[in-house]
2 protein chains.
Amino acid sequence: MNLSTMIKNEGLQLENQLCFRLYSLTKLMGRHYAPVLKKLGLTYPQYLVMLVLWENNNITSAISVKQLGDKLDLDSGTLSPLLKRLEKQQLLRRHRNPKDERSVEIKLTNAGCQLKVEAQGIPAQMFSVTGMSIDELHKLNSQLDNLLANMS
Amino acid sequence: MNLSTMIKNEGLQLENQLCFRLYSLTKLMGRHYAPVLKKLGLTYPQYLVMLVLWENNNITSAISVKQLGDKLDLDSGTLSPLLKRLEKQQLLRRHRNPKDERSVEIKLTNAGCQLKVEAQGIPAQMFSVTGMSIDELHKLNSQLDNLLANMS
DNA sequence: CAAAATTAAATTGTGCACAACCAAAACACA
DNA sequence: TGTGTTTTGGTTGTGCACAATTTAATTTTG
């Protein structure tokens, strides 16, 4: 496809659309993650939240909903109920920051911290599903990073 | 990142995850599409359905919900209510196939067919948002196609 | 042919995403 | 200082995605 065909007509074909590929691939990824994460009692977005908390080691320190939203590019309309579900599962605790009552701070519980051990194998397992080499993965990652930067 | 670091620990970092990039990029794409599609009264998944119907020229011929689901990789739990919303907007019509009463057939209305004209500019417009060259787009598309094939 | 298995949609329930709106708290600064 | 603005999180409503179940129709097979 060149620019003129895109502008004229064939651009409307599903085949030609980058966005449809990203959309399909994201759904497909989700289906591969689902059974693996189910063993930990997590959905994919919940897993992302746990990744941030594990990475930050938020068992002594805390992170605000705002900061979490910045990291994951999600707003409070998504995060608030999600965090409440994780709190109900005893994986984290939420409490208002006494210094700034607008802010809600998130901390891992012991159970939430320990769940990290069970998640250790997931990245390698998911990598194997892609059928890619490490080198290909790197290249694709950096292309997607460029695209993210361009579109943000 | 090499295999041993992935297997050991750093693999759990958000930074390293292909899937998070796809997930973020898909959401970002959706946000760029939303205002453009709003002018046509469509959401992104609704736009995808319309793309299939336009491509197939389903104004004389019809396509079943099943076939639509195969093309878009969506099940009836998603498509049924979505198609009812598009029918309410008079963009398409649904009716049971008399030859096989299990199947529901979808046809464009005149209004649905005419909406294609207003959508002509969207692919080029969205392409410009990516900031990519045609050549880069091609390469990325084929890498994503490989990944889709590997994971399906 | 009749019973069993398969297929196609729809329905129900859960969990994101996100827009739009709200309330409370903190901040700015004239 | 008091008042207008900004920040933060929450709530509500809409629309996907998808698992699980249901219903009806068709196909397979014994």
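The model shown is predicted, which means the values in this text are computed figures rather than measured ones. The sequence lines fix the lettering, A, B, ..., with proteins before strands; numbering per chain opens at 1.
- Contact check on Glu101(B) versus Arg96(B) returns no salt bridge, with no Lys/Arg side-chain nitrogen under 4.0 Å from an Asp/Glu carboxylate oxygen.
- Per the geometry, CG belonging to Asp100(B) stands 5 Å off P belonging to dT26(D), to the nearest Å.
- Put simply, CD on Glu101(B) is 13 Å from P on dT27(D), counting in whole angstrom units.
- Here the side chains of Met126(A) and Tyr33(A) are in contact, with some heavy-atom distance below 4.5 Å.
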So if I define the base as every atom that isn't primed, P, OP1 or OP2, how would nucleotides 9-20 of chain D read as a B/S/- string at a heavy-atom cutoff under 4.0 Å? BBB---SSBBB-
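- The neighbour count for Lys71(A) NZ, taken as heavy atoms of other residues, nucleotides or ligands under 6.0 Å away, does not exceed 12.
- In this entry the distance linking NZ of Lys99(B) with P of dT27(D) reads 12 Å, nearest Å.
- DNA chain D is contacted by no residue of residues 47-58 of chain A, taking any non-hydrogen atom closer than 4.0 Å.
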Counting only pairs under 3.5 Å, give me each side-chain donor-acceptor contact of residues 142-149 of chain A, with atom names and distances, residues two or more places apart or in other chains.
{"residue": "Ser142(A)", "atom": "OG", "partner": "Lys139(A)", "partner atom": "O", "Å": "3.0"}
{"residue": "Gln143(A)", "atom": "OE1", "partner": "Gln143(B)", "partner atom": "NE2", "Å": "3.0"}
{"residue": "Gln143(A)", "atom": "NE2", "partner": "Lys139(A)", "partner atom": "O", "Å": "3.4"}
{"residue": "Gln143(A)", "atom": "NE2", "partner": "Gln143(B)", "partner atom": "OE1", "Å": "3.0"}
{"residue": "Asp145(A)", "atom": "OD1", "partner": "Arg21(B)", "partner atom": "NE", "Å": "2.8"}
{"residue": "Asp145(A)", "atom": "OD2", "partner": "Arg21(B)", "partner atom": "NE", "Å": "3.4"}
{"residue": "Asp145(A)", "atom": "OD2", "partner": "Arg21(B)", "partner atom": "NH2", "Å": "3.0"}

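- Atom CG in Leu37(B) sits roughly 16 Å away from atom C1' in dA19(C) (whole-Å rounding).
- Residue Arg94(A) qualifies as enclosed at atom CZ: its count of foreign heavy atoms under 6.0 Å is above 12.
- In this structure, the side chains of Cys19(B) and Tyr44(A) come closer than 4.5 Å at one or more pairs of heavy atoms.
- Put simply, the side chain of Trp54(A) reaches to within 4.5 Å of the side chain of Leu108(A), judged on heavy atoms.
- The pair Asp75(A)-Lys66(A) does not count as a salt bridge, with every side-chain nitrogen at least 4.0 angstrom from each carboxylate oxygen.
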